[in-house]
Amino acid sequence: MRTSKARPFISALLIFLGSLLLLHNGCENDADLQYEPQLNVFGVLSNLQQSQEIIVDRTYRIDEPAGPVIDDAFVVLSRNNFSDTLEFSYSNERYISGPFTLLPEVTHELLVVKEGFDTLHAATTMPGNFIIFFPVYGDTLTLQDTILLTQSIGAALYSIAFTQNTGGYGPFAWHEPDPSDTLVHIPVGEYWDEPVEGYFTIYIVAYDSNFYDYYFAEGDSIIQAGVTGGVGLFGSMWTRVTSSYVLFQ
């Protein structure tokens with residue numbers, strides 16, 4: 001008797017669970033069908049470039065194959081009383097501005113309009129200019145030294161990259177500053193320990209908070225960094241360059 005009662009119960013349970021699974025899949029499919037793609041942009045303004053570049057794409061449904069980037073959007077980069085309508089470059093697959101000089105601590109705005117999508121707005125404030133105190137041209141940099149520079153106003157992150165005139169790359173590191181410090185101290189021995197010797201050009205780059213949030217904020221849910229009405233990153237970076245003989249032993 002117990003067996004005969006258990007069989008209908010198990011059958012009913014399987015049917016119930018199957019119905020829940022179908023309902024769950026149906027809800028997922030309905031949600032996917034109702035999902036409206038958004039504009040997806042990527043651009044990091046740099047004072048080392050005369051022309052700035054913006055990639056415009058869109059998001060896709062889970063089961064939708066990705067297509068080419070969007071080449072017919074209306075893209076405007078502006079600041080204060082200046083604005084530039086960017087042209088799409090088919091060779092680079094991105095929108096490129098005309099040549100103009102970026103200014104530190106100035107907010108730049110981005111507007112992207114494409115039929116069938118919400119209008120995307122974005123803004124970034126260029127990190128402030130800064131001075132490299134050490135090393136300067138002709139200095140020797142060792143593992144016992146400390147790279148020293150003034151704080152870039154608004155910088156949430158720094159990178160330090162070494163390159164040679166021959167095209168070779170040397171050490172690289174990220175550095176998170178203490179916002180309360182007036183001077184930025186980067187102890188060489190805490191970041192590098194591999195032997196390196198030679199004359200290097202050193203690029204020190206300050207990044208805005210949008211860049212930091214997009215790549216380094218805790219969690220993996222940051223999909224809007226400086227962007228509203230869509231997704232993506234619109235950030236900025238300010239670079240200073242020095243050179244030094246490097247002797248890491």
Counting neighbours of [atom1] on [X] that are heavy atoms of other residues, nucleotides or ligands and sit closer than 6.0 Å, is the number greater than 12?
X: Ile153; atom1: CD1; result: no
X: Glu115; atom1: CD; result: no
X: Asp72; atom1: CG; result: yes
X: Glu87; atom1: CD; result: no

Salt bridge (Lys or Arg N to Asp or Glu O under 4.0 Å) with Arg58: which residues, sequence neighbours excluded? Glu64

Are [Y] and [X] co-members of a hydrophobic cluster defined by side-chain heavy atoms under 4.5 Å apart?
X: Leu247; Y: Ile147; result: no
X: Val196; Y: Ile186; result: yes
X: Val136; Y: Phe134; result: no
X: Val69; Y: Val76; result: no
X: Val227; Y: Ile55; result: yes

Note, [X] side chain near [Y] side chain (heavy atom, < 4.5 Å):
X: Tyr90; Y: Asp71; result: yes
X: Ser243; Y: Phe200; result: no
X: Tyr245; Y: Asp139; result: no
X: Phe74; Y: Val112; result: no
X: Phe211; Y: Val44; result: yes
X: Thr150; Y: Val184; result: no
X: Val56; Y: Val75; result: yes
X: His108; Y: Met126; result: yes

Output the distance between atom [atom1] ([X]) and atom [atom2] ([Y]), rounded to the nearest 0.5 Å.
X: Ile202; Y: Leu141; atom1: CD1; atom2: CG; answer: 5.5 Å
X: Asp84; Y: Ile96; atom1: CG; atom2: CD1; answer: 11.5 Å
X: Glu53; Y: Leu45; atom1: CD; atom2: CG; answer: 11.0 Å
X: Ser97; Y: Gln50; atom1: OG; atom2: CD; answer: 10.0 Å
X: Tyr207; Y: Ser46; atom1: OH; atom2: OG; answer: 9.0 Å
X: Glu197; Y: Thr140; atom1: CD; atom2: OG1; answer: 10.0 Å

Could you tell me which non-hydrogen atom of [X] sits nearest to which non-hydrogen atom of [Y], and how far apart they are?
X: Gly128; Y: Ser152; result: O-OG, 2.6 Å
X: Leu120; Y: Gly230; result: CD1-CA, 3.8 Å
X: Trp192; Y: Leu143; result: O-CD2, 3.2 Å
X: Asp118; Y: Leu39; result: O-CD1, 3.6 Å
X: Ala123; Y: Thr107; result: CB-CG2, 4.3 Å
X: Phe234; Y: Asn210; result: O-ND2, 2.9 Å

Return yes if some donor-acceptor pair links the side-chain N/O of [X] with the main-chain N/O of [Y] below 3.5 Å, else return no.
X: Glu109; Y: Arg79; result: no
X: Thr59; Y: Gln38; result: yes
X: Gln49; Y: Ser51; result: yes
X: Asp57; Y: Asn40; result: no
X: Thr142; Y: Gln144; result: yes
X: Tyr95; Y: Ala73; result: yes
X: Arg240; Y: Phe130; result: yes
X: Asp208; Y: Gly235; result: no
X: Thr242; Y: Pro135; result: yes

Please walk me through it: do Thr119 and Leu111 pass side chain to side chain contact (heavy atoms under 4.5 Å, CB included)? CA-CA 7 Å; Thr119 298; Leu111 171 70; 3.4 Å; yes

Checking side chain to side chain contact (heavy atoms under 4.5 Å, CB included) for the pair Tyr158/Leu149: CA distance, chi angles, key distance, verdict? CA-CA 11 Å; Tyr158 293 89; Leu149 51 132; 3.8 Å; yes

Using 30° and 60° as the class limits, which term best fits the ring planes of Phe82 and Phe100: parallel, tilted or perpendicular? tilted

Under the side chain to side chain contact (heavy atoms under 4.5 Å, CB included) rule, what do Leu157 and Phe216 come out as? Steps first, then yes or no, please. CA-CA 9 Å; Leu157 183 73; Phe216 294 93; 3.3 Å; yes

Take Ile160 and Tyr203, measure what side chain to side chain contact (heavy atoms under 4.5 Å, CB included) needs, and give me the verdict at the end. CA-CA 6 Å; Ile160 307 95; Tyr203 294 84; over 6 Å; no

Do Ser83 and Ser78 get their side chains close enough for a donor-acceptor pair, meaning under 3.5 Å? no

For residues 166-180, pull every pair meeting side chain to side chain donor-acceptor pair (under 3.5 Å), keeping only residues two or more places apart or in separate chains. His175-Tyr191, Glu176-Tyr212, Asp178-Ser180

